[in-house]
Amino acid sequence: MVTQKDVADLAGVSFITVSRVINGETNVKEETRLKVQAAIDKLGYAPSFAGQVLNSGRCNTIAILTPIPFYQSMRTFYLMGILSGIEEVCRKNKIDMMMGLVPEAGIDSDYDYLRPYRQKKVDGIIYIGLKQIPREMLEELGKRKLPCVVIGDRPRSRLLSWVDTDNFEAGRRAAFEIWKRGHRRIAFIGLRKEFYNANVDDREKGFLSALKELGAKYAPEDCVIRSAFDSEDIDKDVKNAFLSWKKKPTAIFCCADSIVPKTILGLREIGLSVPKDVSVVGFDGFLGLTYFNMSVATFPQPLREMGKKSAEILFGQIMSQSSKKESAVFQVPFAQGDSLRQI
(Lines give C-alpha, C1' and ligand atoms only; values in the text may rest on other atoms or scores of the structure.)
Protein backbone atom coordinates (compact mmCIF):
# COMPACT_ATOMS: atom_id res chain seq x y z
CA MET A 1 0.00 0.00 0.00
CA VAL A 2 1.31 3.43 -0.94
CA THR A 3 2.15 5.59 2.06
CA GLN A 4 2.71 9.29 2.65
CA LYS A 5 6.43 8.52 3.05
CA ASP A 6 6.50 7.02 -0.47
CA VAL A 7 5.06 10.27 -1.82
CA ALA A 8 7.66 12.31 0.10
CA ASP A 9 10.53 10.17 -1.24
CA LEU A 10 9.37 10.42 -4.86
CA ALA A 11 8.78 14.19 -4.64
CA GLY A 12 12.07 14.76 -2.78
CA VAL A 13 10.40 16.61 0.09
CA SER A 14 9.74 16.01 3.77
CA PHE A 15 6.86 14.00 5.21
CA ILE A 16 5.54 17.22 6.83
CA THR A 17 5.47 19.01 3.47
CA VAL A 18 3.37 16.23 1.95
CA SER A 19 0.99 16.48 4.92
CA ARG A 20 0.65 20.24 4.39
CA VAL A 21 -0.18 19.78 0.71
CA ILE A 22 -2.75 17.06 1.45
CA ASN A 23 -4.44 19.23 4.09
CA GLY A 24 -4.58 22.25 1.77
CA GLU A 25 -2.33 24.45 3.89
CA THR A 26 -1.06 27.61 2.20
CA ASN A 27 2.47 27.74 3.59
CA VAL A 28 3.87 25.64 0.72
CA LYS A 29 5.54 27.01 -2.41
CA GLU A 30 3.55 26.46 -5.60
CA GLU A 31 6.47 24.62 -7.23
CA THR A 32 6.69 22.25 -4.26
CA ARG A 33 2.93 21.70 -4.20
CA LEU A 34 2.95 20.73 -7.88
CA LYS A 35 5.82 18.24 -7.29
CA VAL A 36 3.93 16.63 -4.42
CA GLN A 37 0.69 16.47 -6.40
CA ALA A 38 2.52 14.86 -9.33
CA ALA A 39 3.92 12.20 -6.98
CA ILE A 40 0.47 11.58 -5.51
CA ASP A 41 -1.01 11.17 -8.99
CA LYS A 42 1.77 8.85 -10.15
CA LEU A 43 1.60 6.60 -7.08
CA GLY A 44 -2.19 6.70 -6.75
CA TYR A 45 -1.89 7.71 -3.12
CA ALA A 46 -5.04 8.30 -1.00
CA PRO A 47 -4.83 9.81 2.52
CA SER A 48 -5.46 7.46 5.43
CA PHE A 49 -9.00 7.76 6.77
CA ALA A 50 -7.84 7.14 10.34
CA GLY A 51 -5.07 9.71 10.00
CA GLN A 52 -7.50 12.25 8.64
CA VAL A 53 -9.73 11.85 11.69
CA LEU A 54 -6.78 12.19 14.06
CA ASN A 55 -5.47 15.32 12.34
CA SER A 56 -8.73 17.26 11.92
CA GLY A 57 -11.18 15.64 14.33
CA ARG A 58 -13.53 15.14 11.37
CA CYS A 59 -13.90 12.28 8.92
CA ASN A 60 -15.71 14.26 6.19
CA THR A 61 -18.56 11.74 6.07
CA ILE A 62 -22.22 12.12 7.04
CA ALA A 63 -24.81 9.43 7.68
CA ILE A 64 -28.21 9.36 5.96
CA LEU A 65 -30.78 7.39 7.97
CA THR A 66 -34.33 6.72 6.82
CA PRO A 67 -37.27 4.37 7.45
CA ILE A 68 -38.24 4.59 3.75
CA PRO A 69 -37.83 1.13 2.16
CA PHE A 70 -35.48 1.26 -0.83
CA TYR A 71 -37.56 -1.28 -2.73
CA GLN A 72 -40.91 0.57 -2.74
CA SER A 73 -40.87 2.63 -5.93
CA MET A 74 -43.27 5.43 -5.04
CA ARG A 75 -41.65 6.48 -1.77
CA THR A 76 -38.23 5.86 -3.34
CA PHE A 77 -38.98 8.83 -5.63
CA TYR A 78 -39.23 10.98 -2.49
CA LEU A 79 -36.00 9.55 -1.12
CA MET A 80 -34.07 9.98 -4.37
CA GLY A 81 -35.28 13.57 -4.74
CA ILE A 82 -34.01 14.44 -1.25
CA LEU A 83 -30.73 12.59 -1.79
CA SER A 84 -30.02 14.45 -5.03
CA GLY A 85 -29.95 17.72 -3.09
CA ILE A 86 -27.83 16.32 -0.25
CA GLU A 87 -25.39 14.79 -2.75
CA GLU A 88 -24.98 18.10 -4.58
CA VAL A 89 -23.88 19.88 -1.40
CA CYS A 90 -21.70 16.94 -0.31
CA ARG A 91 -19.93 16.85 -3.68
CA LYS A 92 -19.30 20.60 -3.52
CA ASN A 93 -17.79 20.24 -0.04
CA LYS A 94 -15.96 16.95 -0.78
CA ILE A 95 -18.01 15.08 1.82
CA ASP A 96 -18.92 11.38 1.61
CA MET A 97 -22.36 9.92 2.43
CA MET A 98 -23.16 6.70 4.31
CA MET A 99 -26.70 5.28 3.92
CA GLY A 100 -28.61 3.30 6.54
CA LEU A 101 -32.16 1.94 6.72
CA VAL A 102 -34.04 2.14 10.03
CA PRO A 103 -36.84 -0.49 10.19
CA GLU A 104 -40.31 1.03 9.93
CA ALA A 105 -41.38 -1.00 12.95
CA GLY A 106 -38.86 0.88 15.09
CA ILE A 107 -35.39 0.40 16.50
CA ASP A 108 -33.97 -3.11 16.41
CA SER A 109 -32.39 -3.63 19.82
CA ASP A 110 -29.76 -5.93 18.28
CA TYR A 111 -28.31 -3.17 16.11
CA ASP A 112 -26.86 0.20 17.12
CA TYR A 113 -27.93 2.70 14.44
CA LEU A 114 -25.74 5.44 15.94
CA ARG A 115 -22.63 3.28 16.04
CA PRO A 116 -21.01 5.04 13.04
CA TYR A 117 -21.08 8.33 14.95
CA ARG A 118 -19.78 6.84 18.19
CA GLN A 119 -16.93 5.24 16.23
CA LYS A 120 -16.19 8.59 14.56
CA LYS A 121 -17.07 7.23 11.11
CA VAL A 122 -19.46 10.13 10.48
CA ASP A 123 -19.54 13.77 11.56
CA GLY A 124 -23.33 14.16 11.61
CA ILE A 125 -26.67 12.67 10.61
CA ILE A 126 -29.54 13.56 8.28
CA TYR A 127 -32.73 11.64 9.11
CA ILE A 128 -35.17 11.51 6.19
CA GLY A 129 -38.41 11.02 8.06
CA LEU A 130 -41.98 10.76 6.77
CA LYS A 131 -42.36 8.81 10.00
CA GLN A 132 -41.40 9.96 13.46
CA ILE A 133 -37.77 9.56 14.39
CA PRO A 134 -37.63 6.57 16.80
CA ARG A 135 -37.84 7.62 20.44
CA GLU A 136 -34.67 5.72 21.38
CA MET A 137 -32.71 7.50 18.68
CA LEU A 138 -34.18 10.88 19.59
CA GLU A 139 -33.14 10.46 23.22
CA GLU A 140 -29.63 9.40 22.25
CA LEU A 141 -29.17 12.30 19.84
CA GLY A 142 -30.39 14.76 22.44
CA LYS A 143 -28.24 13.34 25.21
CA ARG A 144 -25.06 13.36 23.14
CA LYS A 145 -25.92 16.58 21.26
CA LEU A 146 -25.03 14.92 17.98
CA PRO A 147 -25.37 17.16 14.88
CA CYS A 148 -28.59 16.01 13.23
CA VAL A 149 -31.12 17.44 10.78
CA VAL A 150 -34.55 15.82 10.28
CA ILE A 151 -36.37 16.08 6.94
CA GLY A 152 -40.14 15.63 6.67
CA ASP A 153 -40.96 15.84 10.38
CA ARG A 154 -40.63 18.41 13.14
CA PRO A 155 -39.17 16.79 16.26
CA ARG A 156 -39.96 18.60 19.51
CA SER A 157 -36.41 18.30 20.76
CA ARG A 158 -34.78 21.67 21.36
CA LEU A 159 -31.54 20.35 19.86
CA LEU A 160 -32.61 18.84 16.55
CA SER A 161 -32.85 20.98 13.43
CA TRP A 162 -35.43 20.18 10.75
CA VAL A 163 -36.46 20.93 7.16
CA ASP A 164 -40.09 20.54 6.10
CA THR A 165 -42.84 21.83 3.82
CA ASP A 166 -45.84 23.95 4.81
CA ASN A 167 -48.31 21.09 4.63
CA PHE A 168 -51.20 22.89 6.35
CA GLU A 169 -51.07 25.71 3.80
CA ALA A 170 -50.74 23.22 0.93
CA GLY A 171 -53.86 21.40 2.19
CA ARG A 172 -55.74 24.70 2.25
CA ARG A 173 -54.54 25.52 -1.25
CA ALA A 174 -55.77 22.13 -2.50
CA ALA A 175 -59.28 22.88 -1.25
CA PHE A 176 -59.30 26.32 -2.88
CA GLU A 177 -57.93 25.03 -6.22
CA ILE A 178 -60.57 22.29 -6.42
CA TRP A 179 -63.36 24.57 -5.18
CA LYS A 180 -62.71 27.31 -7.73
CA ARG A 181 -63.20 24.75 -10.48
CA GLY A 182 -66.81 24.31 -9.40
CA HIS A 183 -66.58 21.30 -7.08
CA ARG A 184 -68.76 21.63 -3.99
CA ARG A 185 -68.44 18.16 -2.45
CA ILE A 186 -64.83 17.03 -2.12
CA ALA A 187 -63.44 13.90 -0.45
CA PHE A 188 -60.06 13.45 1.22
CA ILE A 189 -58.02 10.23 1.32
CA GLY A 190 -55.76 10.16 4.37
CA LEU A 191 -54.05 7.58 6.55
CA ARG A 192 -55.41 5.27 9.19
CA LYS A 193 -54.37 6.24 12.71
CA GLU A 194 -51.76 3.47 12.98
CA PHE A 195 -49.81 5.08 10.12
CA TYR A 196 -48.59 8.23 11.85
CA ASN A 197 -47.39 10.99 9.53
CA ALA A 198 -47.42 14.58 10.80
CA ASN A 199 -47.27 16.02 7.28
CA VAL A 200 -50.34 14.12 6.08
CA ASP A 201 -52.13 15.12 9.28
CA ASP A 202 -51.37 18.78 8.58
CA ARG A 203 -52.55 18.48 4.96
CA GLU A 204 -55.84 17.06 6.16
CA LYS A 205 -56.28 19.79 8.78
CA GLY A 206 -55.56 22.52 6.25
CA PHE A 207 -57.90 20.96 3.68
CA LEU A 208 -60.83 20.58 6.08
CA SER A 209 -60.25 24.04 7.53
CA ALA A 210 -60.42 25.62 4.06
CA LEU A 211 -63.64 23.82 3.14
CA LYS A 212 -65.33 25.16 6.26
CA GLU A 213 -63.94 28.61 5.45
CA LEU A 214 -65.40 28.32 1.94
CA GLY A 215 -68.82 27.51 3.38
CA ALA A 216 -69.19 23.88 2.30
CA LYS A 217 -72.80 22.73 2.66
CA TYR A 218 -71.77 19.35 4.11
CA ALA A 219 -69.55 18.17 6.96
CA PRO A 220 -66.11 17.70 5.31
CA GLU A 221 -65.17 15.13 7.97
CA ASP A 222 -67.92 12.86 6.62
CA CYS A 223 -66.08 12.59 3.29
CA VAL A 224 -62.74 11.35 4.62
CA ILE A 225 -61.43 7.93 3.54
CA ARG A 226 -58.77 6.20 5.67
CA SER A 227 -56.18 3.98 4.03
CA ALA A 228 -52.36 3.60 3.85
CA PHE A 229 -49.49 4.68 1.58
CA ASP A 230 -48.81 1.23 0.15
CA SER A 231 -51.98 -0.68 0.98
CA GLU A 232 -53.31 -3.20 -1.52
CA ASP A 233 -56.78 -2.20 -0.33
CA ILE A 234 -56.80 1.48 -1.35
CA ASP A 235 -59.07 0.72 -4.33
CA LYS A 236 -61.41 -1.26 -2.04
CA ASP A 237 -61.45 1.55 0.54
CA VAL A 238 -62.39 4.02 -2.21
CA LYS A 239 -65.08 1.75 -3.67
CA ASN A 240 -66.65 1.06 -0.27
CA ALA A 241 -66.73 4.75 0.60
CA PHE A 242 -68.32 5.82 -2.69
CA LEU A 243 -70.86 3.03 -2.57
CA SER A 244 -71.86 4.05 0.96
CA TRP A 245 -72.31 7.76 0.17
CA LYS A 246 -75.74 8.74 -1.10
CA LYS A 247 -74.36 12.00 -2.50
CA LYS A 248 -71.09 11.32 -4.27
CA PRO A 249 -68.15 13.76 -4.16
CA THR A 250 -67.11 15.19 -7.52
CA ALA A 251 -63.44 15.41 -6.53
CA ILE A 252 -60.90 13.69 -4.28
CA PHE A 253 -57.75 15.10 -2.73
CA CYS A 254 -55.25 12.26 -2.11
CA CYS A 255 -52.78 12.88 0.71
CA ALA A 256 -49.94 11.47 -1.43
CA ASP A 257 -49.27 10.62 -5.06
CA SER A 258 -48.64 7.00 -4.10
CA ILE A 259 -52.39 6.69 -3.37
CA VAL A 260 -53.50 8.10 -6.75
CA PRO A 261 -53.21 4.98 -9.01
CA LYS A 262 -55.28 2.74 -6.74
CA THR A 263 -57.79 5.54 -6.19
CA ILE A 264 -58.37 5.88 -9.94
CA LEU A 265 -58.59 2.09 -10.23
CA GLY A 266 -61.18 1.88 -7.44
CA LEU A 267 -63.33 4.55 -9.10
CA ARG A 268 -63.14 2.77 -12.44
CA GLU A 269 -64.23 -0.51 -10.89
CA ILE A 270 -67.56 1.07 -9.92
CA GLY A 271 -68.01 2.71 -13.29
CA LEU A 272 -66.76 6.21 -12.48
CA SER A 273 -64.44 7.96 -14.91
CA VAL A 274 -61.60 10.35 -14.01
CA PRO A 275 -61.95 13.28 -14.50
CA LYS A 276 -65.38 13.14 -16.16
CA ASP A 277 -67.21 11.87 -13.06
CA VAL A 278 -64.65 12.46 -10.34
CA SER A 279 -61.56 14.69 -10.37
CA VAL A 280 -58.43 13.53 -8.55
CA VAL A 281 -55.62 15.63 -7.05
CA GLY A 282 -52.43 14.20 -5.53
CA PHE A 283 -49.53 15.50 -3.46
CA ASP A 284 -45.75 15.13 -3.97
CA GLY A 285 -45.18 15.66 -7.71
CA PHE A 286 -43.26 12.49 -8.41
CA LEU A 287 -41.76 12.82 -11.88
CA GLY A 288 -44.74 14.71 -13.33
CA LEU A 289 -47.08 11.79 -12.73
CA THR A 290 -49.07 10.37 -15.62
CA TYR A 291 -51.57 7.55 -15.07
CA PHE A 292 -54.21 6.06 -17.34
CA ASN A 293 -53.10 8.40 -20.16
CA MET A 294 -53.64 11.57 -18.13
CA SER A 295 -51.40 13.94 -16.20
CA VAL A 296 -52.23 14.17 -12.49
CA ALA A 297 -52.88 17.50 -10.77
CA THR A 298 -50.59 17.59 -7.74
CA PHE A 299 -48.38 19.61 -5.40
CA PRO A 300 -44.70 19.00 -6.29
CA GLN A 301 -42.54 19.15 -3.18
CA PRO A 302 -39.17 20.93 -3.70
CA LEU A 303 -37.30 17.79 -2.68
CA ARG A 304 -33.89 18.68 -4.12
CA GLU A 305 -33.96 22.08 -2.41
CA MET A 306 -34.99 20.46 0.87
CA GLY A 307 -32.06 18.06 0.65
CA LYS A 308 -29.64 20.89 -0.10
CA LYS A 309 -30.89 22.96 2.80
CA SER A 310 -30.63 20.08 5.26
CA ALA A 311 -27.01 19.42 4.24
CA GLU A 312 -26.12 23.11 4.50
CA ILE A 313 -27.59 23.30 8.01
CA LEU A 314 -25.76 20.14 9.08
CA PHE A 315 -22.39 21.26 7.67
CA GLY A 316 -22.76 24.61 9.39
CA GLN A 317 -23.28 22.87 12.73
CA ILE A 318 -20.38 20.48 12.16
CA MET A 319 -17.93 23.23 11.19
CA SER A 320 -18.94 25.59 13.99
CA GLN A 321 -19.49 22.78 16.52
CA SER A 322 -22.77 24.47 17.32
CA SER A 323 -25.90 22.72 18.60
CA LYS A 324 -28.12 25.72 17.88
CA LYS A 325 -31.41 24.53 16.43
CA GLU A 326 -32.33 25.69 12.91
CA SER A 327 -35.43 25.09 10.82
CA ALA A 328 -36.59 25.75 7.27
CA VAL A 329 -40.12 25.60 5.81
CA PHE A 330 -40.68 25.34 2.05
CA GLN A 331 -43.89 26.30 0.28
CA VAL A 332 -45.42 23.75 -2.11
CA PRO A 333 -46.82 25.06 -5.43
CA PHE A 334 -49.85 23.65 -7.23
CA ALA A 335 -49.41 21.96 -10.63
CA GLN A 336 -52.53 21.62 -12.77
CA GLY A 337 -53.14 18.30 -14.53
CA ASP A 338 -55.76 16.55 -16.67
CA SER A 339 -57.13 14.72 -13.61
CA LEU A 340 -58.76 17.94 -12.30
CA ARG A 341 -61.46 19.47 -14.48
CA GLN A 342 -63.77 22.47 -14.36
CA ILE A 343 -67.45 21.61 -13.84
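Legend: residues meeting side chain to side chain donor-acceptor pair (under 3.5 Å) with Glu305, ordered by chain and number and at least two apart, are absent. Partners of Glu87 by salt bridge (charged side-chain N to carboxylate O under 4.0 Å, His left out), not counting sequence neighbours, listed by chain and number: Arg91. Partners of Glu177 according to the side chain to side chain donor-acceptor pair (under 3.5 Å) rule, which considers only residues two or more places apart in sequence or in another chain, are Arg173, Lys180, Arg181.
Side-chain contact between Tyr78 and Met306 is present, with at least one heavy-atom pair separated by less than 4.5 Å. Looking only at side-chain heavy atoms (C-beta outward), Ile128 and Leu65 stay at 4.5 Å or farther from each other. You'll find the side chain of Phe207 reaches within 4.5 Å of the side chain of Ile186, heavy atoms only. By the 4.5 Å heavy-atom criterion applied to side chains, Phe77 and Leu303 are not counted as neighbours. At a threshold of 4.5 Å between non-hydrogen side-chain atoms, the residues Tyr127 and Pro155 do not count as touching. Looking only at side-chain heavy atoms (C-beta outward), Ile62 and Cys90 come within less than 4.5 Å of each other. Gln317 has its side chain within reach of Ser161: a pair of non-hydrogen atoms, C-beta onward, lies under 4.5 Å apart. In this structure, the side chains of Arg268 and Ser273 stay at 4.5 Å or more apart for every pair of heavy atoms.
With Gln301 as reference, Thr165 is the one residue of Thr165, Asp164, Asn167 to meet the side chain to side chain donor-acceptor pair (under 3.5 Å) rule.
Remark: side-chain polar atoms of Asn197 are paired, donor with acceptor, to backbone N or O of Asn199 under 3.5 angstrom. One N or O on the side chain of Ser295 and one on the backbone of Asp338 form a donor-acceptor pair closer than 3.5 Å. Of the possible donor and acceptor atoms, none in the side chain of Ser339 sits under 3.5 Å from a partner among the backbone N and O of Ser279. Within the 3.5 Å criterion, the main-chain N or O of Gly316 finds a donor-acceptor partner in the side chain of Ser320. A distance-only check finds a donor-acceptor pair linking the side chain of Arg341 to the backbone of Lys276 [under 3.5 Å]. In this structure, the side chain of Arg203 engages the main chain of Cys255 through a donor-acceptor pair within 3.5 Å. Looking at Arg185, its side chain does come within 3.5 Å of a backbone N or O of Lys247 through a donor-acceptor pair. In this structure, His183 contributes its side chain and Ile178 its backbone to no donor-acceptor pair below 3.5 Å.
The pair Glu269-Lys236 does not count as a salt bridge, with every side-chain nitrogen at least 4.0 angstrom from each carboxylate oxygen. With salt bridges taken as basic N to acidic carboxylate O contacts below 4.0 Å, none links Lys239 and Asp235. With respect to the salt-bridge test (charged N to carboxylate O, under 4.0 angstrom), the residues Lys212 and Glu221 qualify.
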Check your understanding: Step by step, would you call Phe188 with Ile252 a side chain to side chain contact (heavy atoms under 4.5 Å, CB included)?
Key -> CA-CA 6 Å; Phe188 177 82; Ile252 304 176; over 6 Å; no
**Study point:** Verdict with reasoning, Trp162 to Val329, per side chain to side chain contact (heavy atoms under 4.5 Å, CB included)
**Key:** CA-CA 9 Å; Trp162 52 263; Val329 178; 3.6 Å; yes
Check your understanding: When you look at Val238 and Lys262, which way does the side chain to side chain contact (heavy atoms under 4.5 Å, CB included) test go after all the steps?
Key -> CA-CA 9 Å; Val238 171; Lys262 282 275 192 175; over 6 Å; no
Exercise for review: Could you walk me through whether Lys309 and Glu326 pass salt bridge (Lys or Arg N to Asp or Glu O under 4.0 Å), step by step?
Suggested key: CA-CA 11 Å; Lys309 185 63 177 179; Glu326 294 185 54; 5.5 Å; no
Practice item. Would you sort out whether Val89 and Phe315 count as a side chain to side chain contact (heavy atoms under 4.5 Å, CB included), showing the intermediate values? Key: CA-CA 9 Å; Val89 178; Phe315 293 159; 3.4 Å; yes
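Under a cut-off of 6.0 angstrom, the local environment of CD in Glu31 is sparse, with at most 12 non-hydrogen atoms contributed by other residues, nucleotides or ligands. Other residues, nucleotides and ligands place more than 12 heavy atoms under 6.0 Å from the CG atom of Asn27.
Residues Arg304 and Ser84 bring a donor and an acceptor atom of their side chains to less than 3.5 Å of each other.
Taking the ring centroids of Phe176 and Trp179, they lie at or beyond the 6.0 Å cut-off.
Taking every heavy atom of both residues into account, Val280 and Cys254 meet most closely at CG1-SG, 4.0 Å. Among all heavy-atom pairs drawn from Ala11 and Ala39, the shortest one is CB-CB, 4.0 Å. Residues Gly271 and Asp277 share a closest heavy-atom pair of O-OD2, 3.9 Å.
Met80 and Val163 fall within a single hydrophobic cluster, where Ile, Leu, Val, Met, Phe, Trp and Tyr are joined by side-chain heavy atoms under 4.5 Å apart, directly or via other members. Follow the hydrophobic side-chain contacts under 4.5 Å out from Ile126 and you reach Met97 in the same cluster.
Ring-plane geometry between Phe299 and Phe283 is classed as parallel, the angle between the planes falling under 30 degrees on a 0 to 90 degree scale with a further cut at 60.
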